[in-house]
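Side-chain atoms are counted along with the backbone in the values below, which use heavy atoms only and exclude waters and symmetry mates. Since we're looking at a predicted model, the values are computed, not measured. FYI, the numbering just counts along the sequence from 1.
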Amino acid sequence: MSIERLLFFCSALVLMSSAPFEMTVSVLPPDIDEQNHVNNTVYLRWVQEVATAHWRAIASGKAQENIGWVVLRHEIDYKAPAAFGDQIMLRTWVGKATRLTFERFTEIRRNSDGQLLSKARTLWCPINAQTGRPARVPAEVRAQFST
């Protein structure tokens with residue numbers, strides 16, 4: 001199914017604002033690129049890691065067994081570089097959600113000074129974990145991520 005067709009089926013937007021979820025990661029030697037700072041692809045990996053950790057921390061075992069997630073779109077802004085040895089705070093929360101899409105925001109900050117390094121907006125589509133086809137997220141699961 002194309003993204004356009006999938007988005008066509010998405011309706012009845014519901015504004016959801018989950019409590020932020022946070023985790024800390026360390027910048028490791030493989031994260032550093034030729035410019036001697038964290039490579040842009042690492043920031044994207046962190047966006048995925050914190051989203052996955054948030055899902056696993058909040059969703060029930062049943063929901064985790066039945067629902068998988070695929071990315072429809074990433075938007076990422078790079079504000080400042082991170083360097084080897086930095087401790088990085090990853091913070092994520094859910095924005096607008098429908099039965100077939102979840103908007104997720106992520107901020108990436110350096111712990112030592114709170115400097116915003118990057119921010120991202122990602123549009124996720126829930127899928128049936130067994131079939132890989134788009135799946136509607138039950139209201140009770142959506143409610144777990146809202147305040």
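A continuous path of Ile, Leu, Val, Met, Phe, Trp and Tyr side chains, each step under 4.5 Å between heavy atoms, connects Val27 with Met23, placing both in one hydrophobic cluster. With hydrophobic clusters built from ILVMFWY side chains whose heavy atoms lie under 4.5 angstrom apart, Leu117 does not share a cluster with Met89. Following chains of ILVMFWY side-chain contacts shorter than 4.5 Å, one cannot reach Val141 starting from Ile127, and the two form parts of different hydrophobic clusters. At a threshold of 4.5 Å between side-chain heavy atoms, the hydrophobic network of Ile, Leu, Val, Met, Phe, Trp and Tyr places Val42 and Tyr78 in one connected group. Under the 4.5 Å side-chain heavy-atom criterion for grouping Ile, Leu, Val, Met, Phe, Trp and Tyr, Val71 is connected to Trp55 within one hydrophobic cluster.
A distance of 5.0 Å separates NZ in Lys79 from CG in Asp77, rounded to the nearest 0.5 Å. Taken from CZ in Phe84 to CG in Leu28, the straight-line distance is 7.0 Å, to the nearest 0.5 Å. With rounding to the nearest 0.5 Å, the separation of CD in Gln144 from OG in Ser60 is 5.5 Å. Interatomic distance, Ser112 OG to Ile88 CD1, rounded to the nearest 0.5 Å: 8.0 Å. The distance from atom NE2 of His74 to atom OG1 of Thr106, rounded to the nearest 0.5 Å, is 9.0 Å. Atom CG of Asp86 is separated from atom CD of Gln115 by 10.5 Å, given to the nearest 0.5 angstrom.
For the residue pair Thr92/Arg104, the side-chain donor-acceptor check at 3.5 Å is satisfied.
When all heavy atoms are compared, the tightest approach of Leu116 to Ala80 is O-CB, 3.9 Å. Of all the heavy atoms in Ala83 and Ile32, the pair that sits closest is C-CD1, 4.1 Å. Nearest approach of Asp113 to Arg110, heavy atoms of both residues: OD1-NE, 3.2 Å. Residues Gln64 and Ala59 come closest through the heavy atom pair NE2-O, 2.9 Å. For Ile108 against Leu90, the heavy-atom pair with the smallest separation is CG1-CD2, 3.8 Å. In plain terms, the two heavy atoms of Gln87 and Ser26 that are nearest each other are NE2-OG, 2.7 Å.
Using cut-offs of 30° and 60° for the angle between ring planes, the His54 and Phe21 rings count as parallel. Trp69 and Trp124 have perpendicular rings, their planes meeting at more than 60° on a 0 to 90° scale where under 30° would count as parallel.
Note on residues 44-53: pairs passing side chain to side chain donor-acceptor pair (under 3.5 Å), not counting sequence neighbours, are Asp31-Arg45, Arg45-Glu49.
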- request: Take Ile67 and Asn128 through the test side-chain contact (heavy atoms from CB on, under 4.5 Å) and record every step on the way to the result.
  value: CA-CA 5 Å; Ile67 302 169; Asn128 178 298; over 6 Å; no
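A salt bridge links Arg121 to Glu75: one of the charged nitrogens lies within less than 4.0 Å of a carboxylate oxygen. With salt bridges taken as basic N to acidic carboxylate O contacts below 4.0 Å, one links Arg91 and Glu22.
Side-chain atoms of Arg142 never come within 3.5 Å of backbone atoms of Phe102 as a donor-acceptor pair (strictly under, hydrogens ignored).
At least one side-chain heavy atom of Asn111 sits under 4.5 Å from a side-chain heavy atom of Thr24. No side-chain heavy atom of Val38 sits less than 4.5 Å from a side-chain heavy atom of Asp33.
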